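I have placed the structure first, in the form of structure tokens, so that the comments after it can refer back to it.
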Amino acid sequence: MTSPDAITAEILRQTAERGPAKSICPSEVARALEPDADRWRRLMGPIRAAAIRLARAGQVDILRKGKPASPDSEIRGVIRLRAPSGSSEA
């Protein structure tokens, strides 16, 4: 099983690589960590949990329907992740 630290590191790597202007799908993180289709799908829950922890720490933004979602509210459905946009958006 993939460790929580590996999941966190991969989320941060991919979001930093894309920057705040572009987002990633959590499944991209899962596929990078576990290419086998049966196995990457099992990582989706732990990846969402890691994304919520990172969002609460201000290290990523969680997007729902293209808009930032609060990590303190219930996050359901399709999400995307991006590097934090900072205090000033262009």
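Along the sequence shown, residues carry numbers from 1. Being a predicted model, the structure only gives us computed values, none of them experimental. Values reported hereafter were calculated over all heavy atoms of this structure, with side chains retained and with hydrogens, waters and symmetry mates removed.
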Distance in Å, [X] [atom1] paired with [Y] [atom2], rounded so as to fall on 0.5 Å steps:
{"X": "D36", "Y": "R31", "atom1": "CG", "atom2": "CZ", "value": "12.0 Å"}
{"X": "I24", "Y": "L81", "atom1": "CD1", "atom2": "CG", "value": "5.0 Å"}
{"X": "Q59", "Y": "T8", "atom1": "CD", "atom2": "OG1", "value": "8.0 Å"}
{"X": "T15", "Y": "E17", "atom1": "OG1", "atom2": "CD", "value": "9.5 Å"}
{"X": "C25", "Y": "M44", "atom1": "SG", "atom2": "CE", "value": "5.5 Å"}

Report the C-alpha separation of I52 and L54 in whole Å, then their side-chain angles, then the decisive distance to 0.1 Å, and conclude whether the side-chain contact (heavy atoms from CB on, under 4.5 Å) test is met.
-> CA-CA 5 Å; I52 290 168; L54 289 168; over 6 Å; no

Search all heavy atoms of [X] against all heavy atoms of [Y] and return the closest pair with its distance.
{"X": "P84", "Y": "P20", "answer": "O-CB, 3.5 Å"}
{"X": "A50", "Y": "I7", "answer": "CB-CG2, 3.7 Å"}
{"X": "L63", "Y": "S23", "answer": "CD1-CB, 3.9 Å"}
{"X": "D61", "Y": "S85", "answer": "OD2-N, 3.1 Å"}
{"X": "Q14", "Y": "A32", "answer": "NE2-CB, 3.6 Å"}
{"X": "I47", "Y": "V29", "answer": "CD1-CG1, 3.9 Å"}

Would you please name every residue forming a salt bridge (Lys or Arg N to Asp or Glu O under 4.0 Å) with D72, sequence neighbours left out?
-> R56

Do R64 side-chain atoms and I75 backbone N/O form a donor-acceptor pair below 3.5 Å?
-> no

E34: partners by side-chain hydrogen bond (donor to acceptor under 3.5 Å, both in side chains), with sequence neighbours left out | none

Residues forming a side-chain hydrogen bond (donor to acceptor under 3.5 Å, both in side chains) with R48, sequence neighbours excluded =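 For R48, no residue satisfies side-chain hydrogen bond (donor to acceptor under 3.5 Å, both in side chains) once neighbours in sequence are set aside.
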
Taking the side chain as every heavy atom from C-beta outward, state whether I79 and P26 have any pair of such atoms under 4.5 Å apart.
-> yes

Is W40 reachable from I11 through a run of hydrophobic residues whose side-chain heavy atoms are each under 4.5 Å from the next?
-> no

With the threshold set at 4.0 Å, does a side-chain nitrogen-carboxylate oxygen contact exist between R18 and E28?
-> yes

